[in-house]
Amino acid sequence: MALEIHVLDYGDIELETSFLVLGHECGRVRRVPVYGYLILGGSYPVLVDTGYRDNAIMESLGMRGLQFHENMIENQLAKHGLRLGDIRYILHTHLHIDHAGKDDLFPMNTTVVLNRRELECSVSGLMHPQYPQPDIKHLIDRLHTQDALRFLDLEITGTEEIIPGVYCEAANAHTEGSMNVIVETAEGLANICGDVIYNFNDQIVNQVRQTQFMEPQVTGNHAGSKRSEKGAVKKLLNHNAFLLPIHDKPAKVEHGRIVGRLEMQVPGPITESLPRRDWFPA
Ligand SMILES: [Zn+2]
């Protein structure tokens, strides 16, 4: 059976636009979705990212959380007939406030998988307060519980397989320890690329403030160099048929270009599955 990817809608956040694209529309507020991705059809159910803890915690970054009852992770999983304890692995693209906020709801025999470099960064203070105390403390509890946490060392090992057809790779962008999750689908490779891409249109399709041909624009929130950000986006475009970021609608890619966007309401309730055929032209 082929692997399927389902979009989970964890609610929205409102933030300043220049956070999404460097220097773009400073002071203007934009509302973006926060997604998770559920991978079914494999040897176990796998979840990628868990959203943010609650609306109040987003205020620590000066952002507004818009998480409602239907966005609760239990309710999003229930749409697929699953409960928290049915998830075998949680994979984290990274550990920022809007990606690892619900891990403590899952039992300790759901194994949380992350790149070791990312946990190191989360306790370094370098990107405080994007790594909030309750989320990171919970991960330390998992670190001291048998089989509750699995570390990857992707910079050293290269790509690692989690279940057949699902792989993690170092993203080399956004945060020092970010990773992408690659899923083999019947229609090609789908890459869940975390926050390496925030906004397809402004960064890639109609690059804001960019004169060079096919040059991706960087986000306003990254820990490494501009070159590594751009290179990481180009790599994603060159090796995948589908790109699935956390804060924008999934995109279809051909020959290094965005050729379609998944038809779905954003923001709004979503139960679409990937891959599927009804793509909007970019
Ligand atoms: Zn994010």
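Counting starts at 1 for both ligands and their atoms, in listed order. All residue numbers refer to positions in the sequence shown, counting from 1. Remember, it's a predicted structure, so these values are computed and weren't measured experimentally.
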Decide, counting backbone as well as side-chain atoms, whether His99 has an N, O or S atom less than 2.8 Å from the Zn ion (ligand 1). yes

Atom of Asp195 nearest the Zn ion (ligand 1) (restricted to N/O/S, atom name only): OD2

Are Met72 and Val48 connected in a single hydrophobic cluster, I mean Ile/Leu/Val/Met/Phe/Trp/Tyr linked by side-chain heavy atoms less than 4.5 Å apart? no

State the atom name: nearest N, O or S atom of His247 to the Zn ion (ligand 1). NE2

For Asp98, what is the atom name of its N, O or S atom nearest to the Zn ion (ligand 1)? OD2

Determine, stepwise, if the pair Tyr35 / His247 fulfils ring pair (Phe, Tyr, Trp, His ring centres under 6.0 Å). CA-CA 6 Å; Tyr35 297 137; His247 302 295; 8.2 Å; no

Picking from His94, His222, His99, what satisfies ring pair (Phe, Tyr, Trp, His ring centres under 6.0 Å) with His174? His94

Val123 with Leu95, same ILVMFWY side-chain cluster at under 4.5 Å: yes

